Amino acid sequence: MSAVTPPAPQDPQARIRIIALGDHLLAGVGDARALGWLGRAVASEQGTHCRIDMFTAALPDETSAELAERWDEDVRRRTDTEARAAGNVDHRVILAPGRADIEAGISLARSRLNVAKVLDGLERLRLPAFVVGPAPSRDPALAAAVRELSGAFEDVCSRRRIPYIDMVGGLDGHEQWVTDVARSPGDHPGQIGYGLMAWLVLHGGFGSWLGTSS
């Protein structure tokens with residue numbers, strides 16, 4: 001199965017609609033600027049040649065099973081069917097599954113199947129997908145499990161040739177990330193951490209996937 005990404009429209013009125021599904025980190029919880037990694041990444045790709053609109057549907061501590069249950073309705077409700085059919089709005093979907101599967105006791109095999117179900121559904125709808133994996137935890141007891149979960153998600157994406165951002169590999173042990181998360185009352189980043197996440201997304205092919213930069 002191949003996830004071919006068509007080029008983004010280039011006329012002055014061109015628009016890209018990003019539909020983003022994920023947990024509380026997608027919503028930028030804890031970010032004083034209220035941008036999160038997604039807002040920062042999109043702002044960097046926003047240009048005069050094409051307007052990018054974001055339609056975000058984030059749920060705190062969502063498991064992959066819950067994501068697999070809701071994705072279809074949430075994506076369809078945020079799709080402009082007429083504009084898409086006319087070719088006026090290029091629709092794309094970002095998935096940002098978190099690490100709630102670990103505490104919920106969901107097996108890696110089931111986590112893989114849940115994410116695969118969503119990605120295969122998006123493929124049937126001909127909607128290009130971009131997946132951002134869970135961020136590392138400052139809790140040593142969770143660290144190894146999060147790395148395994150991220151690896152499982154990455155394998156599912158690799159088999160489908162879908163872009164995947166390994167946040168654990170990019171941030172675990174990173175001095176600025178560790179310091180930023182340590183200042184948080186919860187196990188989530190602040191402005192610096194979200195900036196690092198956005199950097200990984202931007203350097204992981206986000207612009208190429210959107211068709212806004214190489």
Side-chain angles (χ1 to χ4, degrees), residues 18 20-46 54 56-67 70 94-108 110-112 114-115 118 129-158 162-207 209:
I18 293 177
L21 310 178
D23 70 353
H24 52 285
L25 290 190
L26 179 67
V29 64
D31 181 7
R33 296 185 63 193
L35 292 172
W37 62 264
L38 180 58
R40 288 172 168 82
V42 169
S44 293
E45 293 299 321
Q46 194 78 266
M54 287 193 305
T56 305
L59 290 177
D61 300 312
E62 180 179 53
T63 66
S64 64
E66 293 168 330
L67 175 62
R70 76 170 174 109
I94 292 176
L95 297 181
R99 53 178 184 247
D101 282 16
I102 298 169
E103 293 186 4
I106 297 176
S107 68
L108 284 178
R110 178 56 59 181
S111 296
R112 289 169 58 97
N114 289 334
V115 171
V118 180
F130 188 95
V131 183
V132 177
S137 173
R138 67 182 179 188
D139 181 353
L142 284 178
V146 177
R147 184 175 292 276
E148 288 184 347
L149 182 63
S150 180
F153 290 158
E154 184 171 21
D155 183 61
V156 171
C157 292
S158 176
I162 291 173
Y164 182 83
I165 305 301
D166 176 17
M167 288 292 175
V168 177
L171 297 173
D172 193 25
H174 189 291
E175 183 178 354
Q176 289 180 300
W177 171 267
V178 172
T179 301
D180 192 53
V181 174
R183 290 197 293 258
S184 169
D187 193 10
H188 56 70
Q191 291 190 60
I192 294 175
Y194 280 116
L196 291 171
M197 293 177 75
W199 189 92
L200 288 174
V201 169
L202 289 168
H203 286 78
F206 188 57
W209 176 73

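All values reported here derive from a predicted model rather than from experimental measurement.
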Sub-3.5 Å donor-acceptor pair from the side chain of R183 to the main-chain atoms of G190, do we have one? no
Could you tell me whether a side-chain N or O of D180 sits under 3.5 Å from a main-chain N or O of G193, the two making a donor and an acceptor? yes
Taking side chain to side chain contact (heavy atoms under 4.5 Å, CB included) as the test, write out the residues that go with L35, two or more places apart. D31, R33, R40
To the nearest 0.5 angstrom, please state how far the CD atom of E45 sits from the CG atom of L202. 6.0 Å
Please check this pair: side chain of D101 against backbone of S64, looking for a donor-acceptor N/O pair closer than 3.5 Å. yes
Value rounded to 0.5 Å, distance of CD in Q176 from CG in L196: 5.5 Å
Return the CG to CE distance between L25 and M167, rounded to the nearest 0.5 Å. 9.0 Å
Partners of I102 by side chain to side chain contact (heavy atoms under 4.5 Å, CB included), sequence neighbours excluded? R99, L142, A145, V146, L149
Checking Y194 side chain against V29 main chain: does a donor-acceptor pair fall under 3.5 Å? yes
Could you check whether the rings of F130 and W209 sit parallel, tilted or perpendicular, using 30° and 60° as the cut-offs? tilted
Value rounded to 0.5 Å, distance of CG in L200 from CD1 in I165: 7.0 Å
Given side chain to side chain contact (heavy atoms under 4.5 Å, CB included), test E66 with L59 step by step and report yes or no. CA-CA 9 Å; E66 293 168 330; L59 290 177; 6.0 Å; no
As an exercise, state the distance from CZ of R112 to CG of D155, rounded to the nearest 0.5 Å. 4.0 Å
For the atom pair CG (L21) and CG (L26), what is the distance rounded to the nearest 0.5 Å? 8.0 Å
Could you work out, with side chain to side chain contact (heavy atoms under 4.5 Å, CB included) as the rule, every residue matching D166, not counting sequence neighbours? S150, E154, Y164, V168
